[in-house]
Amino acid sequence: MFERKVPKFFQPAKRSSQKQMATALKESVAKARQASNFGEVIDAVLDIPSEYIDNKLLRLAKTHPHADLRELEDILTKQYIKRTAYASSAVGAGAAVPGTGTGIALGLTAGELAVYAVQTTSYILGVSRLHGVRPKDREQRRALVLSSLLGEKGAEIVSDQLGLRTLSWARASLKNLSSPTLGQVNKALMKYASKKLAHRTAGRMVGRLIPFGIGAGVGYLSGKAVARRTVKGVQAALGDSRDASVSDLMVELAPVIDLTQEPAHAGTGEDFFAE
């Protein structure tokens, strides 16, 4: 009997189950909550499964089947900025509770950091996927995440390290970087990030812990500013959006996830970050 052969390009690699992806994500959040420094937070979120990001993009694509990838990126970016701003605002709002407000805010901060780290990494990897750039290992992910968190300055640091004349280093060089080169790049990024982000976080903490509800407004604005800096960072690293459609994205997703099944949490609407 004639057996139709499926082209190699569409033959899926070994796929993670929804349960495996959910478990890996929960482990990343738990590690981020327990992290004692910035480096440990980054390490915790680098293990977010690629299939988790792909499934999120599939849900977004199915919600906007006639969009191009530039429009999907715009939707993703607006959702990310909104989520980050409101999460930061919630910590400030906790300080408004009489008597115990500061304690509540301090307790919320660890949880907020974990959620922020996961959502930010998901955003960076999601936008990267839309640009056709898929980091293949932890060190590539580390470079992209750290660079994006630092805004345009991160792209400048990497470009200087690599001797490039463009800030769009990820599109030009990420997949071809050797491990030793990535190690040097990540060392430079971490050194700068540890110094700068510590000052920024301290400043945001003070503002968010102001009692009587003032901290909520400060938290919202500071969260929005942090999110926008990350947006500028990932855009600098990746350059302009591709001129491609949702159909093109589906072709790229076909080898790694099952397009015939509904993606995880399909009933939660179009929000990329919804759980």
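Judged by distance alone, with hydrogens and angles left aside, the side-chain atoms of Ser159 form a donor-acceptor pair with the main-chain N or O of Thr166 at under 3.5 Å. Listed for the Ser168 side chain is no donor-acceptor partner under 3.5 Å among the backbone atoms of Leu238.
Looking at heavy atoms from C-beta onward, Lys56 lies in side-chain contact with Arg59 at the 4.5 angstrom threshold. When side chains are defined from C-beta on, Leu174 counts as touching Pro135, because their heavy atoms get closer than 4.5 Å. Side-chain contact between Thr230 and Tyr116 is present, with heavy atoms from C-beta onward closer than 4.5 Å. Within the 4.5 Å cutoff, side-chain heavy atoms of Ile42 are placed close to those of Leu149. Annotation: side chain of Gln184 is in contact with side chain of Gln161 (closest heavy-atom distance under 4.5 Å). In this structure the side chain of Leu72 reaches within 4.5 angstrom of the side chain of Leu249, judged on heavy atoms. Lys224 places none of its side-chain heavy atoms less than 4.5 Å from the side chain of Lys82. Two residues are said to be in side-chain contact when any heavy atoms from C-beta on lie closer than 4.5 Å; Arg228 and Ile81 meet this criterion.
In this structure, CG on Leu164 lies 10.0 Å from CH2 on Trp169, to the nearest 0.5 angstrom. Note that CG of Asp137 is 10.0 Å distant from CG of Leu177, once rounded to the nearest 0.5 Å. Note that CG of Leu144 and CD of Gln140 are 9.5 Å apart. Values are rounded to the nearest 0.5 Å. Note that CG of Leu130 is 11.0 Å distant from CG of Leu125, once rounded to the nearest 0.5 Å.
Salt bridge present: Arg142 and Glu139 bring a charged side-chain N and a carboxylate O closer than 4.0 Å. Using a 4.0 Å cut-off between charged side-chain N and carboxylate O, Asp243 and Arg70 make no salt bridge. Using a cutoff of 4.0 Å between basic side-chain nitrogens and carboxylate oxygens, Asp43 and Lys31 are not scored as salt-bridged. Between Asp47 and Arg138 a salt bridge is recorded (basic side-chain N to carboxylate O distance below 4.0 Å).
Donor-acceptor pairing under 3.5 Å is recorded for the side chains of Arg171 and His131. A side-chain N or O of Arg141 and one of Ser50 form a donor-acceptor pair less than 3.5 Å apart. Residues Ser245 and Asp248 have side chains that bring a donor and an acceptor to within less than 3.5 angstrom of each other. Side chain to side chain, Glu71 and His66 fail the donor-acceptor criterion of an N or O pair below 3.5 Å.
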(message) Before you tell me yes or no, could you show the steps for Leu76 and Phe273 under side-chain contact (heavy atoms from CB on, under 4.5 Å), namely the whole-Å CA-CA distance, both residues' side-chain angles and the distance that decides it to 0.1 Å?
(response) CA-CA 9 Å; Leu76 191 55; Phe273 301 97; 4.2 Å; yes
(request) Assess whether salt bridge (Lys or Arg N to Asp or Glu O under 4.0 Å) is satisfied between Arg134 and Asp54, documenting all intermediate values. (result) CA-CA 10 Å; Arg134 195 170 192 253; Asp54 292 339; 2.9 Å; yes
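By the 30° and 60° cut-offs, the orientation of the rings of Tyr123 relative to Tyr80 is parallel.
There is no path of hydrophobic side-chain contacts, each under 4.5 Å, that joins Val231 to Leu167.
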